[in-house]
There are 2 protein chains.
Amino acid sequence: MKSLQQLAHHKAFAGLVSPRILPSRTIASTQLWQRKFSASVTAASQLPALDASKLTVTTTTTPKELTPNKDLVFGKTFTDHMLSIEWTATDGWQSPQIIPYQNLSLDPSTCVFHYAFECFEGMKAYKDKNGGIRLFRPNKNMERLNKSSARIALPTFDGEALTKLIGEFVKLDSRFIPDARGYSLYLRPTMIGTQKTLGVGPPGSALLFVIASPVGPYYPTGFKAISLEATDYAVRAWPGGVGDKKLGANYAPCILPQLEAASRGFQQNLWLFGEEEYVTEVGTMNLFIALKDKETGQKELITAPLDGTILEGVTRDSVLSLARERLIPQGWKISERKIRMSDVAKAAEEGRMIEVFGAGTAAIVSPVRNISYQGKMVDCGLKENEEAGEIALQMKNWIERIQYGDEQHPWSFVI
Amino acid sequence: MKSLQQLAHHKAFAGLVSPRILPSRTIASTQLWQRKFSASVTAASQLPALDASKLTVTTTTTPKELTPNKDLVFGKTFTDHMLSIEWTATDGWQSPQIIPYQNLSLDPSTCVFHYAFECFEGMKAYKDKNGGIRLFRPNKNMERLNKSSARIALPTFDGEALTKLIGEFVKLDSRFIPDARGYSLYLRPTMIGTQKTLGVGPPGSALLFVIASPVGPYYPTGFKAISLEATDYAVRAWPGGVGDKKLGANYAPCILPQLEAASRGFQQNLWLFGEEEYVTEVGTMNLFIALKDKETGQKELITAPLDGTILEGVTRDSVLSLARERLIPQGWKISERKIRMSDVAKAAEEGRMIEVFGAGTAAIVSPVRNISYQGKMVDCGLKENEEAGEIALQMKNWIERIQYGDEQHPWSFVI
């Protein structure tokens with residue numbers, strides 16, 4: 001087995017392993033440590049960087065038939081091509097390639113199969129009313145993918161170069177983007193370690209690929225509020241862990257608790273944390289809670305703070321920004337703060353609950369009707385015939401208008 | 001995206017998702033929850049089970065040259081063949097196949113690349129002095145692989161059937177097992193989710209494969225005691241998490257802290273947990289600490305208890321069993337208990353430290369010279385010219401004698 005001292009001299013990670021002594025308290029130092037790793041990403045390597053100008057394109061000779069909009073299933077059908085870029089620790093980033101969509105052929109000892117060297121992003125391309133193609137805040141996805149990859153000793157890359165390459169790929173396969181509101185082309189940038197060895201160490205080679213799947217609206221017939229089950233017997237993430245990164249490692253362990261919730265009729269599970277039972281995330285979305293202050297009656301929109309256990313959702317950030325810009329003038333307070341599940345239940349009991357919704361790339365927002373907690377149902381403020389609250393509706397409209405280019409906004413990136 | 005209610009009716013997992021209400025305290029209920037999942041594994045399915053009698057064998061037409069013993073590197077070269085068994089949620093386990101060692105060809109949307117649906121085992125085959133081939137406690141590996149796979153919604157299997165199939169595979173490739181003490185054939189049973197979808201749900205198909213790599217002794221020129229760095233800024237595992245399972249998800253996030261330790265000259269990092277800084281594991285091994293009681297002077301061999309954060313090491317279990325059988329009569333106390341790093345440091349300061357060693361399949365035991373903790377070096381009791389303590393040496397000899405069949409023992413399984 002490679003010695004760890006050899007590994008420490010592994011070229012591509014020279015910038016990641018500094019000889020400084022780290023501070024010594026677990027939770028308090030987590031953010032500092034993460035900043036350090038993130039900060040050193042840019043200085044990582046003298047090897048060839050990702051270079052969009054070196055792109056080569058091989059088009060398919062067997063173009064696929066388009067799936068009718070009504071038959072689209074999330075992540076099931078893919079476009080004609082894929083973007084594929086190899087990296088090695090000795091030679092850096094290789095020339096990017098757009099190639100026909102095809103299987104990956106990998107040795108069974110490849111480290112992605114054994115040690116979960118894998119991270120990904122979820123983003124979408126939209127067709128605007130003039131036929132233009134737009135991405136939504138791609139810089140946020142690039143930034144997060146770099147943070148994720150650095151955390152598991154995979155290489156980092158120039159985010160602008162990858163955005164440009166994704167643009168080329170999407171333009172080539174633009175016929176797959178459905179031309180209808182609520183439809184889009186879901187993009188899945190993925191990075192995997194490809195070194196052929198069972199030794200546990202930083203991968204000496206990696207593959208960054210992007211595939212694309214046409215998708216329809218999450219709620220084809222309009223919002224349908226969901227029921228959540230609060231999960232207190234399993235824990236998704238921990239301070240000092242990797243729950244804030246978009247790693248494959250964070251997903252497989254979540255399935256069983258979701259199945260448990262589903263077996264009792266709940267669409268998703270809600271992850272609580274610690275003895276305080278802080279509300280963290282719901283299934284694969286961030287969570288927002290709108291309630292009235294007990295003393296002042298002020299309306300407050302609350303989401304969990306980025307303490308290392310919460311995925312740094314792009315939609316989460318967008319909801320927060322829009323809320324600060326457009327709801328604060330209406331008298332709202334916008335808070336990134338910890339809130340106990342018992343306090344959520346209390347707000348509901350006391351008639352102070354306004355609404356609750358999940359936020360993520362797939363649905364934008366996902367209204368919540370109720371949450372099962374300690375054997376009781378916590379009502380989340382919707383009227384019986386209502387499937388979404390006012391803020392959720394507003395957020396969806398605001399964000400979609402930007403995504404589809406109805407509103408000129410710096411978040412919308414025309415390719 | 002598939003609804004979670006659909007997922008809950010996913011045939012193969014019917015046994016895993018019971019409609020019972022679960023108890024409601026996070027940490028206390030973790031073990032109960034895990035027992036429940038483990039217990040329901042056997043009743044999982046009415047689909048075809050793994051059937052060793054259906055094995056088909058296709059031998060290679062291009063046999064490899066053997067690597068000379070002195071050039072063997074852990075997990076780098078592999079034998080001529082591999083064992084490969086497919087599973088689907090609709091048809092259960094397919095016929096097992098031994099086929100020439102070959103690449104896996106997988107669609108880029110395959111769930112193993114995105115959500116870390118992967119778990120594995122590490123075990124070894126040994127040649128005894130009569131030319132017989134032996135496995136070491138294979139039932140423990142089968143049991144653990146079933147627990148790991150069930151925890152990430154992958155299928156379970158009949159452990160005896162897989163052991164039998166592994167036996168056939170090892171016999172076919174037996175020329176790769178070096179015929180020398182300390183050498184063996186490292187076996188890597190691996191299960192991956194193979195469903196082609198980006199939807200986050202239980203995989204509808206999986207592949208169980210086994211590859212084999214001839215390996216030499218961990219310490220070719222005799223023991224070399226290692227130096228550890230105590231890690232308190234990152235956390236490997238937590239209560240209610242999956243740190244006790246052999247999932248790929250537990251490995252990639254560990255590389256950076258190991259590189260950090262290596263950059264300061266330490267061979268491995270030692271994971272502490274919580275404000276109490278309990279000693280948990282070292283790199284990819286369990287840890288044993290031998291010290292003298294302050295009051296009575298009694299010798300005590302301590303390892304962390306299986307509280308859900310500790311990998312259930314086969315070597316850990318073997319060391320504990322042998323210690324109970326052979327050290328207790330010599331006056332030792334054998335403890336599975338939590339111990340704070342500060343108490344380890346105190347024992348060293350007070351001259352009560354006997355020795356410290358890691359335990360795992362790769363090295364059997366790995367003696368520790370010292371541990372860097374809060375800027376000081378904790379001396380682990382070895383004399384300056386000593387590379388291993390008495391217990392570590394004894395354990396290695398006891399376990400190797402069983403592995404190589406010098407001593408008749410129920411743990412040694414002749415194939």
Side-chain angles (χ1 to χ4, degrees), chain A residues 1 4-5 7-8 13 17 19 22 24 26 29 33 74-76 78 82 103-109 113-118 120 152-153 188 190 192 197-200 202 209 211 213 232-235 238 240-242 248-249 251-253 255-256 258-260 262-264 267 284 362 374, chain B residues 1 4-5 7-8 13 17 19 22 24 26 29 33 74-76 78 82 103-109 113-118 120 151-153 188 190 192 197-200 202 209 211 213 232-235 238 240-242 248-249 251-253 255-256 258-260 262-264 267 284 374:
Chain A
M1 207 181 288
L4 275 162
Q5 261 172 293
L7 300 179
F13 300 98
V17 282
L22 290 164
S24 70
T26 305
S29 65
W33 180 64
F74 176 84
K76 265 290 183 194
F78 296 89
M82 62 191 289
N103 275 13
L104 307 180
S105 176
L106 295 166
D107 190 281
S109 72
F113 296 129
H114 303 270
Y115 307 127
F117 285 106
E118 56 187 75
F120 67 94
I152 52 172
R188 171 56 61 94
T190 310
I192 62 174
T197 175
L198 299 182
V200 179
F209 67 85
I211 53 177
S213 171
D232 54 8
Y233 57 90
V235 179
W238 196 267
V242 293
Y251 288 80
I255 301 300
L256 244 48
Q258 289 187 19
L259 291 175
E260 275 286 338
S263 74
R264 291 183 282 274
Q267 280 83 20
T284 54
Q374 292 191 341
Chain B
M1 206 181 291
L4 275 162
Q5 260 173 296
L7 301 180
F13 299 98
V17 283
L22 290 164
S24 70
T26 305
S29 64
W33 180 65
F74 176 85
K76 266 288 182 194
F78 296 89
M82 62 191 289
N103 276 14
L104 307 180
S105 177
L106 295 167
D107 190 281
S109 73
F113 296 130
H114 302 271
Y115 308 127
F117 286 106
E118 55 188 77
F120 66 93
R151 182 59 188 82
I152 53 171
R188 173 55 62 94
T190 309
I192 61 174
T197 176
L198 298 182
V200 179
F209 66 85
I211 54 177
S213 171
D232 54 9
Y233 59 90
V235 178
W238 51 86
V242 293
Y251 288 79
I255 301 300
L256 245 48
Q258 289 189 18
L259 290 175
E260 276 287 337
S263 73
R264 291 184 281 275
Q267 281 83 20
T284 53
Q374 292 190 342

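Computed from heavy atoms alone, side chains included, the values below leave out hydrogens, waters and symmetry copies. Just so we're on the same page: letters track the sequence lines, and every chain starts at 1. None of the values given here were measured: they were computed from a predicted structure.
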**Study point:** Beyond-backbone contact of A:Pro108 with B:Thr190, side-chain heavy atoms, under 4.5 angstrom
**Key:** no
Check your understanding: Quick one: what part of B:Thr197 sits under 4.5 Å from any heavy atom of chain A, side chain, backbone, both or neither?
Key -> both
Check your understanding: Under 3.5 Å, is there a donor-acceptor pair between the side chain of B:Trp238 and the main chain of A:Val235?
Key -> yes
Practice item. Pick one of side chain, backbone, both or neither for A:Phe113, based on which atoms fall under 4.5 Å of a heavy atom in chain B. Key: both
**Study point:** side-chain contact (heavy atoms from CB on, under 4.5 Å) evaluation trace for B:Ile255 with A:Val200
**Key:** CA-CA 8 Å; B:Ile255 301 300; A:Val200 179; 3.6 Å; yes
Exercise for review: Report the residues that fulfil side-chain contact (heavy atoms from CB on, under 4.5 Å) with A:Ser109, sequence neighbours left out, ordered by chain and then residue number.
Suggested key: A:Asp107, A:Lys196, A:Leu198, B:Phe78, B:Tyr101, B:Ile211
Review point. Given a strict heavy-atom distance threshold of 4.5 Å, which part of B:Leu106 is in contact with chain A: side chain, backbone, both, or neither?
Key: both
Practice item. With a 4.5 Å cut-off on heavy-atom pairs, point out which of A:Ala116, A:Ser213, A:Ala249 contacts chain B the most. Key: A:Ala116
Review point. Side chain, backbone, both or neither: which part of B:Phe117 has a heavy atom under 4.5 Å from chain A?
Key: both
Check your understanding: ring-ring contact (aromatic ring centres under 6.0 Å, His included) with B:Tyr251: which residues, sequence neighbours excluded?
Key -> A:Tyr115, B:Phe120
Check your understanding: What's the shortest heavy-atom distance between B:Ser105 and A:Asn103, and which atoms?
Key -> OG-ND2, 3.0 Å
Practice item. Identify the heavy atoms of A:Ala234 and B:Arg151 that sit nearest to each other, and give their distance. Key: CB-NH2, 4.5 Å
